[in-house]
Amino acid sequence: MEKVSQIIHVAVKNLFNANAEISLSRPDAKFGDYATNVAMQLAKSLGRNPREIAGELCELLRKNDEFSEVEIAGPGFINLRISAHKIASDLDEAFSQNNFGENNDGAGKTVVVEYPSPNMAKPYSVGHLRSGNQGWAARNLMLATGWNVITDNHLGDYGAPFGYWVLGFRKFSSDEQLASGGIYELGRVYVAIRAELKSEQERGDDTLAKEAQDWLLKLENGDLEAVELSEKFNRISLEHIHEIMGRLRISTDYELGEKFYVERGKNEVAKLLESGIAKRNEDGSVIVELDGFDTPILVQKSNGAALYATTDLATMVYREREWHADRAIIATGAEQVFYFQQLAALAKKIGVKTELTHLWFGVIDQLNDDGTREKMSSRKGVVLMEELLNVAEAKARQNTKGEKITDDDVRKIALGAIKFTDFSQDRRTNILFDWDQMFSLTGFSGPYVQYAAVRVNKILRDNADVSQAAVGENYDFAKEKDVLLKLAEYPEVVRTAANLLEPHRVAQYVYDLAKVMNRYYETTPIATDTVSQIEKSARLELLRKVSYVFAHGLQILGIEVPERM
RNA sequence: GCACCCGUAGCUCAGCGGAUUAGAGUACUUGGCUUCGAACCAAGUGGUCGCAGGUUCGAAUCCUGCCGGGUGUACCA
């Protein structure tokens, strides 16, 4: 596709001395293989009739042997056809260079991608499923477009939750219970103390709330007991997070949590106060006024303790200074959109050059009994990641029928189902958590694509020893045209998905490819006895490309292709 | 109140300026396994794209207003 765009670009330049952005679309097959509306775009700037422009362009394009058919249609569309054989040889050429689908748009630039950054106070819940999925996909898209990528798990290992933990632990738990319950015991006391705090607040009291804040302050001041408790709790929690991330098959290069940035953050705040950018309120809290915002950003609490803006401030500074980050991509929920707008404004105000991209995603909803939707919350009962993974694996295994498949393959299928669901829609759209849909193994789903890939791989494996004949001009690829056209789209899909950080485009693409492939497979024998040597060679080569693109596209989404399923 | 996001088939969602029939999955109806794996394929039923204006050769797509839902709006993250 890039090649076709380039040809048209040059033609436009030669004819009209204009630099046009060529957008190619894939119209209905009866119109052509590709279509462009450049003529209509140029009409305004050139002050000419679009059909006239299209006519001149067509005349020139017809002379190019790339196209088998060039036509004007409607108000000035140009429809193009390319012979299947030509597409096949263009693809051969594209594949002969390494890394089909990838590009170097980000060459020489460094990006920090932050995910899944779970709250350490509670067991890993589906509340952090999307930050892991979307963050991991963003990482892969950045890698595929040539960026130097640094990944960082910005752990929620600090802040008010710590105070709640300590209070809850002392009130409701013991060392014995903690030893046996681990993270689930910590989660239990966290929930219990939150309830207690809420009822206290309703009574108009704040004794416990103050006590929780005091513990946080003690921790900041290096109080031995506080430090010891913090380390104990965090160790338990981190172990759990690693286990879950391992099962999700995601990882990060760094785990610089909020705690890492507390001292640094306070130093930054002190500097801001000194330079007059920040100001201290009477109650001791510190704020920065931001242009265009009614609400200033609070960078230090009234009791002197740090909060998220304090640590995030230091995080931005650190990433620029230590990692020379040109860009930072932070995967968190839609609830934080406003805050990150403030943070970006703050960064700009203090001269941080790193471009801040808030990779936000919609909330996870649950269905109420009356059919309405509501955000999943601990009050309503969250689903834990551990449970989600267990159920998904059980369901995948149950579907294996007679096939003997390994535990590893079962896990790949389970993850394929869970992750693909996240990418089946725009990341900004709220997702409805529905057990059936989450584990869907048919239709527009991960396993559907995996299945298509497995079949292709099986054919390739079974025919690994088939001797290759030179295809050359001896085969027209007519039956393969749809598959070839679909393959040719891939690099553009990756580029767009990366530019917009919209991995659902890749999901849609691999699904379409699977569909085209299944259809092809249904009608065309690939390596049976009835197929000639030339056909066999041509078709197996096509399958090798399809197999590569399946694996590559799914890999971007964090999904692997099983051996069997 | 203000800001942001969202209202598209029964349900879950794509499409976000282009081409006589607005797509997919699911659900429902029907057909296809002695032929490289049926987690598949083929066909059908199903939509005043929330409502009303406007811009444009062309609007589900852009603008304005209204209605409905969600999220946020400094000491949670």
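Computed from a predicted structure; not experimentally measured. To find a chain, count down the sequence lines: A is the first, B the second, and so on, and within it residues start at 1.
- Taking the P atom of each, B:rA59 and B:rG50 are spaced 16 Å apart, rounded to whole Å.
- Base-pair partner of B:rA38: not found among the strands shown (Watson-Crick or G-U wobble, both distances under 3.5 Å).
- With rounding to whole Å, A:Phe444 atom CZ is found 18 Å from B:rA27 atom C1'.
- Nucleotide B:rU64 forms a pair with B:rA52, judged by Watson-Crick or G-U wobble geometry with both contacts under 3.5 Å.
- Computed from coordinates, the A:Arg519 CZ to B:rG32 P distance equals 20 Å when rounded to whole Å.
- Distances were taken from every side-chain heavy atom of A:Phe31 (C-beta onward) to each of B:rC41, B:rA19, B:rA77; the shortest belongs to B:rA19.
- At whole-Å resolution of the value, CZ in A:Phe162 and P in B:rA77 are 14 Å apart.
- At least one side-chain nitrogen or oxygen of A:Tyr448 sits closer than 4.0 Å to the OP1 or OP2 atom of B:rC41.
- Open room surrounds CZ on A:Arg564; 12 or fewer heavy atoms of other groups in view lie less than 6.0 Å from it.
- Donor-acceptor pairing under 3.5 Å, judged by distance alone, is present between the side chain of A:Asp283 and the base of B:rC75.
- Contact annotation: side chain of A:Asp512 to base of B:rA14, donor-acceptor pair absent below 3.5 Å.
- Protein atom CG of A:Asp462 is 15 Å distant from nucleotide atom C1' of B:rU35, rounded to whole Å.
- Across all strands shown, B:rA22 has no partner, as no Watson-Crick or G-U wobble contact with both distances under 3.5 Å is found.
- Where A:Thr442 and A:Pro75 each meet RNA chain B at their nearest nucleotide, the meeting point lying more 5' is that of A:Pro75.
- For the pair A:Asn119 and B:rA77, the criterion of a side-chain N or O lying under 4.0 Å from OP1 or OP2 is not met.
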(message) If you apply the rule salt bridge (Lys or Arg N to Asp or Glu O under 4.0 Å), what do you find for A:Lys458 with A:Asp462, and how did you get there?
(response) CA-CA 6 Å; A:Lys458 174 80 178 342; A:Asp462 290 347; 3.3 Å; yes

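- The side chain of A:Thr429 contributes no N or O atom lying less than 4.0 Å from OP1 or OP2 of B:rC6.
- Here the separation of B:rC67 from B:rC76, taken at their P atoms, is 35 Å to the nearest Å.
- A gap of 33 Å separates the C1' atoms of B:rU64 and B:rA24, to the nearest Å.
- Both A:Lys30 and A:Ser117 lie close to RNA chain B; mapped to their nearest nucleotides by heavy-atom distance, the more 5′-ward contact belongs to A:Lys30.
- Separating the CG atom of A:Leu432 from the C1' atom of B:rC13 is a distance of 11 Å, rounded to the nearest angstrom.
- Taking only side-chain nitrogens and oxygens, A:His504 comes nearer than 4.0 Å to OP1 or OP2 of B:rG15.
- When the C1' atom of B:rC33 is taken as reference, atom CZ of A:Arg455 falls 12 Å away, rounded to whole Å.
- Using the Watson-Crick or G-U wobble rule with both distances under 3.5 Å, B:rU73 pairs with B:rG1.
- Nucleotide B:rC28: paired with B:rG44 (Watson-Crick or G-U wobble, both distances less than 3.5 Å).
- Per the geometry, NZ belonging to A:Lys412 stands 17 Å off C1' belonging to B:rA39, to the nearest Å.
- The neighbour count for A:Asp407 CG, taken as heavy atoms of other residues, nucleotides or ligands under 6.0 Å away, is above 12.
- A:Tyr451 has its OH atom 6 Å from the C1' atom of B:rC40, to the nearest Å.
- Under the Watson-Crick or G-U wobble criterion, with both distances below 3.5 Å, B:rA59 has no partner in any strand shown.
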